[in-house]
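Structure record follows, encoded as structure tokens.
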Amino acid sequence: MRHPILVAGAVVMIAVVGLPPMASAEGAPAATIVVRDGATQPVFDYDKAITEAVFVEVPLDTDGDGMRDRVRLEITRPGETETAGLKVGSLMIASPYLGDNWPDVPYHDVDPSSLRRQARGGGDEGYPEEGSWEFFVRRGYAMISMESLGTAGSTGCPDAGGPHEAAATRAVIDWLGGSGRAYDADGQVVAADWSARKVGMYGVSYNGTLPLAAAVTGASALRTIIPMSAVSSWYDEYRANGLVVAPYGWQGEDADIHARIVLSRRNPEVCAAAMDKLEREQDRATGDYSPFWAARDYAAKASKIKASVFIVQGLRDWNVKTKQGVQLWEALGGHGVDRKLWLYDGDHGSASAPQFFPAMRRWIDHYIYDVDSGIGNEAPVTFEDADYAVTGTSTAWPVPGSAPVTLPLAVGPARRDTFVDNGRNAPAEQLLEPAGHSLAYRTPVLTAPARLSGTPRVAVDVSVDNRTAANLTALLVDYGPTGADPVIVTRGWIDPRNRKSLTHSTPVTPGRFYRLRWDMQPMEHIFAAGHRIGVVVLSTDYDYTLRPLPGTQVSVRPTTSTVQLPLVGGRAALKY
């Protein structure tokens, strides 16, 4: 509950679930959250802040030592001499990257002799510079870093975004909400009696994924999350339509590898059985969607999310790909969750436009301290370009007016085009001009720009002529004027054995044609006038898929195969 204390011009003093405000040396109430012009103000002295370590008990024993696991927190909050009983909101970053005992983990082999079916460590896990601990503590927030299960000073074992990590993060939220149990370094029980029982979480990559894992556990003290470049489905991080794939730059990583990499707790050997279990259950042999992946599919559990969600997604992020943010956005919309989407034209990390952090701050103030920050009056979708400039907003994404346009890959008499896979030796960028190892189909030259907004899809009549398994990859390519290098706009993958079901594989008969349908990664892109839109079909995608020995022969019937492009303005926008 909040109590208006003073309104003077644009200044509002709010005492939150606390004792009556005390006068400061300047004569203004001290035990308050001060709001000016729709934002909390820096009224607390960071030099007087309290920093403490707390160990929250988790209702699990994942390392099998006969004791409940505990996760370590480091909390920095306004000093008690200033707050005088004021209850403050919490902002937390939960991370597996806070330890210094990093193991050397070999990655999976991605160069098998055949496709019989047989981690990225670290990265930029920070937050905006302006969003430092001091920035928020001075405005009346408790800032909390949580060392996730099995990492740094926490016990237990990581489980790659699974139910155990979700439960551990939820245990911390519950403690901040007034339930659960925690201890100090001496083993004494401590309570979060300073907590206003309102929690926000934010972070990049895995640090942005753990808030989602916690949010799908249902109603709690968690009021808002800001996942940046975050995983909304671990299946889509390491699999694609039945294929085993990797995040860009981390070939050979999988859920088990990532868990082993972040296992930085003391005596990590106690988690050996848990790590082996992850490796078995993730199933690199088939790539099928299974209960293992369903347990880590937060977008599918969006109906359980009660916190508001501000999604930040890079359009050129090939580590945590665009589908992660977009499918979460769509799922939240289907369940009436308060949501916002910030799409930036960049790779793995976070938005960088000057307007981003103020928007993030308005969002946090609104949902933690009920501040009328104006965030609710802003457009739900914001676009940031590669130069860190906000180029526009939208009421929805894909943008209104986007409609699917279906085009054949080729026109004319029926024919059969064939290529031989050489993807182990050549990355996709070298296969955009076909020379026997890919097929490329292009539209005529555009006479007007065409804006893509949404998820492209292909439907390809294809046969694998000489093997019983194959990778299949489709690339959407922007072909510029003569002499200009073509640019891969987006891509997608499928295993033909999953043509009927994502959960069960069906054998492929060599030489038999199948109608295969699959999606590419969602994208915003403008094809300029004078360019051509192209679709390239190849087999192995060197940087993403497993890489079998070259020689797989693939045939396509292009006149009956299609690409579906979500274009703003629909078919009328496509002008030759």
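For clarity, every value in this text was computed on a predicted model and none was experimentally measured. Side chains included, hydrogens not; waters and symmetry mates left out as well; all remaining heavy atoms used.
Under 4.0 Å is where a charged nitrogen must lie from a carboxylate oxygen, and between Asp236 and Lys321 no such pair does.
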Quick one: do Phe135 and Phe357 satisfy ring pair (Phe, Tyr, Trp, His ring centres under 6.0 Å)? Show the steps, please. CA-CA 12 Å; Phe135 181 91; Phe357 180 73; 5.1 Å; yes
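For the pair Arg499 and Tyr514, the distance from NZ or CZ to the six-membered ring centre is under 6.0 Å and the angle to the ring normal is within 45 degrees. Relative to the ring axis of Tyr235, Arg296 does not place its NZ or CZ within 45° and under 6.0 Å from the centre. A cation-pi contact, defined as under 6.0 Å to the ring centre and within 45° of the axis, links Arg491 to Trp318.
Under the 4.5 Å side-chain criterion, counting only non-hydrogen atoms from C-beta, Glu378 is not in contact with Trp363.
A side-chain donor from one of Ser463 and Asp465 sits under 3.5 Å from a side-chain acceptor of the other. Between the side chains of Asn471 and Ser539, no donor N or O sits under 3.5 Å from an acceptor N or O. Counting only N and O atoms by type, the side chains of Ser233 and Tyr238 include no donor and acceptor under 3.5 Å apart. Side-chain contact, His108 with Asp254: no donor N or O sits under 3.5 Å from an acceptor N or O. Inspection of the Asn498 and Asp288 side chains reveals an N or O donor paired with an N or O acceptor under 3.5 Å. No donor-acceptor contact under 3.5 angstrom links the side chains of Thr540 and Thr545, judged on distance only. Donor-acceptor pairing under 3.5 Å is recorded for the side chains of Ser308 and Thr224.
For CZ of Phe513, the number of neighbouring non-hydrogen atoms (other residues, nucleotides, ligands) closer than 6.0 Å is greater than 12.
In this structure Asp461 satisfies the salt bridge (Lys or Arg N to Asp or Glu O under 4.0 Å) test together with Arg515, sequence neighbours excluded. Tyr289 is linked by a side chain to side chain donor-acceptor pair (under 3.5 Å) to Asp297, counting only residues two or more places apart in sequence or in another chain.
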Output side-chain donor-acceptor pairs under 3.5 Å for residues 440-452, partner residues at least two apart or in another chain, one line each.
| residue | atom | partner | partner atom | Å |
| --- | --- | --- | --- | --- |
| Tyr441 | OH | Asp417 | OD2 | 2.7 |
| Arg442 | NH2 | Glu433 | OE1 | 2.6 |
| Arg442 | NH2 | Glu433 | OE2 | 3.4 |
| Thr443 | OG1 | Ile533 | N | 3.1 |
| Thr447 | OG1 | Lys575 | O | 3.3 |
| Arg451 | NE | Glu524 | OE1 | 3.0 |
| Arg451 | NH2 | Glu524 | OE1 | 3.0 |

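Just one of Asp495, Ile494, Leu472, Leu546 meets the side chain to side chain contact (heavy atoms under 4.5 Å, CB included) condition when paired with Leu243; it is Asp495.
Side chain of Asn241 to main chain of Trp493: a donor-acceptor pair is present (N/O by atom type, distance under 3.5 Å, no hydrogens or angles).
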